Amino acid sequence: MAKPVKYVFVTGGVLSGLGKGITAASIGNILKARGLKVNIQKLDPYLNVDAGTLNPSEHGECFVTRDGAETDLDLGHYERFLNIELTSSSSVMSGRVLRNLIDDERRGKFLGKTVQLVPHFTEAIIDTVKEAAKGFDVHIVEIGGTVGDYESPAFYEAIRELGSEVGPQNCLYVQVVYMPYLSTSKEIKTKPAQNAVRSLRSMGIIPDVLAARSEMPTNGHTKEKLSSFCGVDKEGIAILPNARTVYEVPLTLEEQGIGRYIMEKLNLKNKKPQLNDWKKMVDTIVADRKPKYKIGVVAKYLDNQDTYMSVFEALRAASWRFNADVEIIWVDAEKLAKTQSYVSVLDDLDGIVVPGGFGIRGVEGKVIAARYALKNNIPYLGLCLGMQVAVIAAARNAGLSEATSEELDPTAKDLVIYTMADQKGKENTGGTMRLGNYDCKLTKGSKSAKLYKKQLIVERHRHRYEANNQYIDQYTDWGIEATGKSPDGRLVEIIEATDHRFFVASQFHPEFTSRPNVPHPLFLGFIESLSTKK
Ligand code: GLN
């Protein structure tokens, strides 16, 4: 008989933004380090169908999987902590499950019965979880939001039912809670955590593991207190103070014996986890690294670090490889276009990154940054929209002053970036982009081919517009070259400036496949170029 899959359900209490995704990913990390085959999935109770239409400044980055799902940024953490590639089955939002359920109802699948949240919606959730778990030793399932949210009871009921179906030796519940610190009495308070556990219990779920976040060091009694008031074994409690880096969390869990505890609870033979390389990586990350490069990220969403999560992580990961450090400097794209004097912020930068983006706002400022980088021999890395503005910049620098993108001005004379043929008529609607993995062929001898050390690559995409082939013959005059193309030669995937320290831009998103311990070649090339002479 096939070995049963072991389920680990991760829920949250007290508040959101506690690092529940990081905790789930870290549990995955320490289980994978024991040689287990681990999958991980996020269930989001929001009524959205996917994350494609969510505002990145509110919700953070939209992470794209290799099969083209537009997902929650937690999937990025999962991929980075587990060094795996996930698929759409790892991101489940209520909207998608409900839509399928309603379609089934319309098709008459329920034979005249009333369709209910319990059992029909819960069964549909359970089915998606079981399906994703197939073929793995352990399947981790994180429920988005916190216990008590209006949208979520059916999700808790689903994991409760699944838990009782597979039995306690095959499933485990982890709750991530928060312990506030009161500065007046200099105390860490556990009451909100107790209440959150009580809410979870009221849904019939008793947590086996408690991951308690705190911003202050706790004393020796905190675990005891949590244990006796929350009814969780002391050995199943991990205190997670603010980490020096998120990548430290697996080690903190391991130090507190959580790996061993989970293995025992799940009736698995414990093994020593292989965490040496990860430890070394964390040592590098927390060490004082030099030089510190100033990297300007030209963007319109300046208020939320999460919006460009994978880009930042990829920049940092590449810097660790050179034992260097990066300081991210936000450059306000709109201000660049509006305020002439503000352009001087670019003078002070070691390198410029233009990340992906949609819509008109801020694009002219991004073109200004790309033109500046091109003219002044400043290393430039363009990601998706960052490639499109790089092409516009090169064209304008060469005198084609009206060069632009169809997204910006469909009536302009020189649309060097235009709508992809197969996207015509579908502009501005959700879910109609070129999404996910596509092959790309690199030009032999190009900077990109040297960095990748191969000529055929596969990268993740999320775009509607592309470089207009009618202008490709002019690229040489503009000082750039299309060094990466789709295998049929139709789509430009990478452009490079021919005579430049580093001016490389891709139509795809290399940041999604960068890992803290396996940095992406384009990011490595970019960071390496920062030390070269002007
Ligand atoms: N808005 C551009 C397009 O749709 C770029 C997209 C992106 O940067 N992800 O092609």
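Values below: all heavy atoms of this structure, side chains included; hydrogens, waters and symmetry mates excluded. Not measured: the values here are computed from a predicted model. One-based numbering, in listed order, for ligands and for the atoms of each.
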Practice problem: Would you check if the distance from the ring center of Trp320 to the ring center of Phe523 is below 6.0 Å? | Solution: no
Practice problem: Would you check if the distance from the ring center of His139 to the ring center of Phe136 is below 6.0 Å? | Solution: no
Exercise. Kindly assign one of parallel, tilted or perpendicular to the pair Phe81 and His77, based on the angle between their ring planes and the thresholds 30° and 60°.
Key: perpendicular
Quiz prompt | Mutual orientation of the aromatic rings belonging to Phe155 and Phe121 [parallel < 30°, tilted 30-60°, perpendicular > 60°] | solution = perpendicular
Quiz item: What about His520 and Tyr452, are their ring centers closer than 6.0 Å?
Solution: yes
Quiz item: With respect to Glu334, which candidate in Lys300, Lys366, Arg361 satisfies the side chain to side chain donor-acceptor pair (under 3.5 Å) definition?
Solution: Arg361
If you look at each N/O of ligand 1, which protein N/O atoms lie under 3.5 Å away, and at what distance?
{"residue": "ligand 1", "atom": "1 (N)", "partner": "Gly357", "partner atom": "O", "Å": "2.9"}
{"residue": "ligand 1", "atom": "1 (N)", "partner": "Glu407", "partner atom": "OE1", "Å": "2.8"}
{"residue": "ligand 1", "atom": "1 (N)", "partner": "Glu407", "partner atom": "OE2", "Å": "3.1"}
{"residue": "ligand 1", "atom": "4 (O)", "partner": "Arg464", "partner atom": "N", "Å": "3.0"}
{"residue": "ligand 1", "atom": "8 (O)", "partner": "Gly357", "partner atom": "N", "Å": "2.9"}
{"residue": "ligand 1", "atom": "8 (O)", "partner": "Gly357", "partner atom": "O", "Å": "3.4"}
{"residue": "ligand 1", "atom": "8 (O)", "partner": "Leu385", "partner atom": "N", "Å": "3.0"}
{"residue": "ligand 1", "atom": "9 (N)", "partner": "Arg462", "partner atom": "O", "Å": "2.9"}
{"residue": "ligand 1", "atom": "9 (N)", "partner": "His509", "partner atom": "NE2", "Å": "3.2"}
{"residue": "ligand 1", "atom": "10 (O)", "partner": "Gln388", "partner atom": "NE2", "Å": "3.0"}
{"residue": "ligand 1", "atom": "10 (O)", "partner": "Arg464", "partner atom": "N", "Å": "3.1"}
{"residue": "ligand 1", "atom": "10 (O)", "partner": "Tyr465", "partner atom": "N", "Å": "2.8"}

